[in-house]
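Naming convention: chains lettered A, B, ... in sequence-line order (proteins, then strands); numbering from 1 in each chain.
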Amino acid sequence: MKKYIPFQIEPKWQKKWKEAGLYLTDLSEAKDKYYALVELPYTSGDLHMGHWFTFTMGDILARFKARLGFNVLFPNGFDAFGLPAENAAIKKGIHPRDWTYKNMEKMRDQFETLGTSIDWTKTMVACDPKYYKWNQWIFLKMLEKDLAYKGKLLSNWCPTDHCVLANENVDSGKCWRCGTEVIQKEVDQWLFRITSYADRLLWQDPPQVDWPKPLREGQNDWIGKSEGVNLRFKVSGMDIYFEMFDSVPQTFMAQTFTVIAPEHPMVYELVKGTEQEKPVMEFVEKIRKKKASDRFKVDQDMEGIFTGRYVEYTPTGKNIPIWVASFVVFEYGTGVVNSSAHDERDFVFAKKYGIPLHPVMFPKDSNEALKVKNLEYCYHRAPRGILQEPAEFKGRKWQEAREDIINYIEKKGYGKRAVQYHLHDWSISRQRYWGTPIPVIYCDKCGTVPVPEKDLPVELPYKVDCAPKGKPPLATAEDWVNTDCPKCSGPAKREVETMDTFVDSAWYFFRYLDSENDVEIFDKKIAKAWMPLEIYIGGPEHALGHALYSRFFTMVFKDLGLIDFDEYAKKRIHHGIILGPDGSRMSKSRGNVVNPDKEVKNYGADAIRLYLMFLGPFDIVTSWNPNGVNGAYHFLQRVWRLYEKVDEKVEVFTSADLRIMHKTIKKATEDIEAIKFNTAIAFLMEWLNHLSRKEKVSIEEYKTFLLILAPFAPHITEELWSYFTSKKASEGKQWSIHKQSWPKFDNKYLEEEEISIVVQVNGKVRDILVMHKDIIRDKEVVETKALDSKKVQKFLKGKSVKKTVYIQGKIISFVVSS
RNA sequence: GCCCAGGUGCUGGAAUUGGUAGACAGUGCAGCCUUAAGAGCUGUUGUCCGCAAGGACGUGAGGGUUCGAGUCCCUCCCUGGGCACCA
């Protein structure tokens with residue numbers, strides 16, 4: 001037999017599969033459908049080890065389910081818009097589109113070497129107008145439904161580059177590109193009103209779909225729903241009212257001061273023309289600068305300044321001072337907070353600046369009450385705290401008084417029941433070239449006019465210089481910018497900003513189903529038949545961004561009548577990470593990148609796939625071990641050589657042969673189903689060890705082995721399978737091992753004749769007895785046999801058995817005393 | 001600081017969910033085979049005592065529940081990952 005040389009057989013079969021259309025899915029057959037998805041890759045230009053890891057997982061599930069008889073769809077596409085393309089354009093002078101398409105071609109070839117069963121006819125490319133036309137269509141629908149609007153948002157702003165910067169692109173308060181000092185500025189942006197879906201996006205317990213708990217908890221925390229009251233009071237001597245959100249209304253009588261966010265426009269109104277104007281505004285400027293720098297740590301940098309103004313706080317009849325404080329978040333609630341002794345932060349702040357406190361709930365215990373006098377207790381809400389004020393509530397437990405207090409506050413007219421969310425609307429405007437143009441036209445006469453649906457897509461002009469010029473790149477494409485108003489046909493200008501790339505990834509899995517459709521976003525019937533996804537494999541880093549936005553889009557699609565479900569994936573799993581051999585994240589700068597292409601040349605795709613899957617559970621974070629691939633390669637070679645032992649005359653199976661075969665089928669079937677590929681492979685290895693020890697191996701055993709190994713190592717198994725079926729190679733697709741049905745196991749072979757019973761004395765193993773399966777049912781027989789054991793007797797000598805515990809077929813345990 | 005994972009041999013990991021800890025691999029060591037190999041095969045590889053039989057210890061540390069704990073409970077330590085200053 002010739003040697004196992006992966007690079008001779010792998011490309012051969014990849015070509016044959018492609019020619020035969022082996023993995024094409026017929027979407028009209030939606031019965032028993034199985035739609036598996038891996039998060040789409042970005043067109044970076046290289047398929048890295050992480051892609052191999054995740055796509056192999058998806059591929060194994062896809063192949064396995066297909067073998068079980070499901071109609072499987074396993075598509076892929078490309079996330080092709082975004083900043084790296086634009087950076088490459090600036091750095092290397094390549095057009096973003098050319099850079100992206102060149103990378104994509106290379107990555108498609110790399111995917112080929114991995115040997116996946118991806119159906120590449122169902123695909124999408126984010127930067128293709130055929131795709132982003134529908135981003136624009138969604139935008140128009142959002143506008144219609146008042147889910148898209150133009151608003152102002154406080155952002156990191158680089159005045160030189162004229163763009164908003166993400167936190168990670170601000171280096172010590174300076175722009176990462178040009179080094180200009182970043183300022184906090186209110187910027188006009190297009191926003192999606194995701195907040196109006198906040199309640200629907202909240203996860204219920206138990207959840208409707210099988211998504212990871214950390215993701216669900218994370219999203220709920222991110223949405224951050226909190227209920228309470230909005231208190232409303234007049235600023236003394238001014239025609240200004242303060243609205244303050246309070247999630248613990250029980251403490252409203254404890255308010256002794258109020259704090260306002262430095263960014264709040266009202267700060268200036270408060271101090272204008274007073275002697276406090278100069279110091280307060282200087283303070284505001286100082287905090288703005290601090291916040292713009294990434295070094296700002298609230299707890300360490302808690303500072304404030306008195307505005308000289310007071311709020312007329314009617315519940316207590318007192319005027320309470322208004323402070324500007326660094327720790328107040330402008331974006332949350334109203335940006336104004338009522339402060340009391342019962343909040344830790346407020347307490348610390350008050351202590352720092354000598355502001356008087358007035359606690360209104362005390363612990364029950366009198367000893368604890370002493371501490372209260374020293375105010376040590378005031379900063380937190382004593383769990384067993386008893387309210388003292390208002391007088392109507394004296395003596396009640398604070399937790400239980402909540403609803404009554406809220407009603408009381410409403411009745412007295414101090415404020416109203418209110419709900420606050422941490423979640424804010426999704427800003428989709430980007431001052432970039434390489435993204436979906438926002439389909440809006442500005443006309444001097446008609447104002448903001450949406451591009452009519454019939455004029456979609458608004459295509460990106462090709463000739464645009466991306467270099468920073470103090471305005472968005474698209475603004476420089478004058479031919480493109482200047483257009484006619486769709487309403488009055490007068491001169492008008494296009495929106496020059498583009499969409500966030502998270503828009504692209506929020507719904508792409510719908511488009512795979514109908515990617516060529518230029519009449520509709522997708523065919524409703526196909527979507528109804530094929531969605532939701534059976535499984536969505538992705539990274540935990542997308543749990544808050546992508547995974548929330550895509551849920552939001554799905555709900556909007558439902559409200560648009562496109563689909564009839566809320567959640568787009570029945571199951572989501574978060575994969576692990578393959579670190580470099582040195583145990584840190586693979587990165588070019590560290591020089592610890594393991595290049596899959598190189599490994600494929602040495603060991604072949606099958607060995608790498610097998611190694612990655614054998615490494616550990618799917619969510620493992622572990623480093624690449626060069627010897628490990630060698631081990632997987634070694635295993636495949638042994639499978640290859642085992643062929644020489646196959647003898648068609650061998651039919652006699654021993655019960656041990658049958659047991660291990662059926663046990664392997666059972667374990668592999670269950671473990672793949674449960675996404676425990678590492679243990680499934682371990683059982684195959686055990687079986688291989690068993691088969692290798694035999695003189696001859698039957699055809700049935702060998703073929704069954706290949707049938708189970710096939711999803712993990714699709715090439716070598718196809719090659720070996722072909723040695724048995726070469727004559728029928730012309731018949732449809734049935735020649736392929738990947739079209740054979742999954743082997744079945746029979747429980748009758750699994751039962752063991754001889755069973756090991758562990759004998760324990762006082763919890764320690766003293767002997768292991770092998771008994772026939774028929775006698776283990778009888779406790780007394782087992783007990784007698786166990787007591788017969790010399791090894792056991794040694795430990796029973798001179799002691800009496802107080803108790804005997806027998807777990808059938810497993811263990812017999814004697815409890816003895818001396 | 002808070003939240004979520006997790007801590008098992010030299011290494012990656014396994015453990016029927018409370019029942020023989022270390023499956024399956026990798027590495028190292030010893031040996032066989034070969035003119036040779038980045039090939040193959042066999043044995044061995046948690047620690048300690050012992051020639052051996054055997055025994056003691058052992059799943060981050062300490063305590064508890066139990067006939068029996070890697071698994072359950074409490075306290076603490078450590079390592080990853082995430083975070084939103086949330087009134």
Mind checking if A:L684 touches a base, just sugar-phosphate, or nothing, with heavy atoms under 4.0 Å?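 No contact at all - A:L684 keeps every heavy atom at 4.0 Å or more from the nucleic acid.
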For A:K663, answer base if it contacts any base atom (sugar-phosphate contacts may also be present), sugar-phosphate if it contacts only those atoms, and nothing otherwise; contact means non-hydrogen atoms under 4.0 Å.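 It contacts nothing in the nucleic acid.
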Is the distance from OP1 or OP2 of [N] to the nearest side-chain N or O of [X] less than 4.0 Å?
| X | N | result |
| --- | --- | --- |
| A:H342 | B:A87 | no |
| A:S226 | B:C86 | no |
| A:R641 | B:C41 | yes |
| A:S756 | B:U20 | no |
| A:R766 | B:A56 | yes |
| A:H634 | B:U27 | no |

[X] has a side chain; which of [options] sits nearest to it?
| X | options | answer |
| --- | --- | --- |
| A:N627 | B:G26, B:C24, B:G19 | B:G26 |
| A:W222 | B:C24, B:G19, B:C83 | B:C83 |
| A:E686 | B:A23, B:C67, B:C85 | B:A23 |

Could you measure the distance from the OG1 atom of A:T679 to the CE atom of A:M613? Nearest 0.5 Å is fine.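 Answer for the OG1-CE pair, A:T679 versus A:M613, is 12.5 Å.
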Using purine N1 to pyrimidine N3 plus N6-O4 or O6-N4 for Watson-Crick, or N1-O2 and O6-N3 for G-U wobble, each under 3.5 Å, what pairs with [N]?
| N | result |
| --- | --- |
| B:A69 | none |
| B:C41 | B:G31 |
| B:C57 | B:G46 |

Base B:G40 to side chain A:Q637, donor-acceptor N/O within 3.5 Å cut-off: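 Under the 3.5 Å cut-off, the side chain and the base do not form any donor-acceptor pair.
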Take the protein atom CG of A:L610 and the nucleotide atom C1' of B:G13, then report the distance between them rounded to whole Å.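 The answer, rounded to whole Å, is 15 Å.
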On RNA chain B, does the nearest nucleotide to A:N602 precede the nearest nucleotide to A:Q219 from the 5' side, or the other way round? Give the residue.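 The residue whose closest nucleotide sits nearer the 5' end is A:N602.
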Sticking with atom P, work out how far B:A21 lies from B:G60, rounded to a whole angstrom.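 Pairwise P distance, B:A21 against B:G60, rounds to 16 Å.
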Could you work out the separation of B:G6 and B:U59 based on their C1' atoms and round it to a whole Å?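 Those two atoms are separated by 13 Å.
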Is a salt bridge present between A:K416 and A:E243, judged by a nitrogen-to-oxygen distance below 4.0 Å?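 Here A:K416 does not pair with A:E243 in a salt bridge, since their nearest N and O are not under 4.0 Å apart.
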Pairwise side-chain contact, A:P249 with A:R402, heavy-atom cut-off 4.5 Å (strictly under):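 Heavy-atom side-chain distance check passes, below 4.5 Å.
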Side chain of A:H422, backbone of A:W222: donor and acceptor closer than 3.5 Å?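 Pair found, side chain donor or acceptor close to backbone of A:W222.
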Show your reasoning for whether ring pair (Phe, Tyr, Trp, His ring centres under 6.0 Å) applies to A:W426 and A:Y549. CA-CA 9 Å; A:W426 173 13; A:Y549 295 143; 3.7 Å; yes
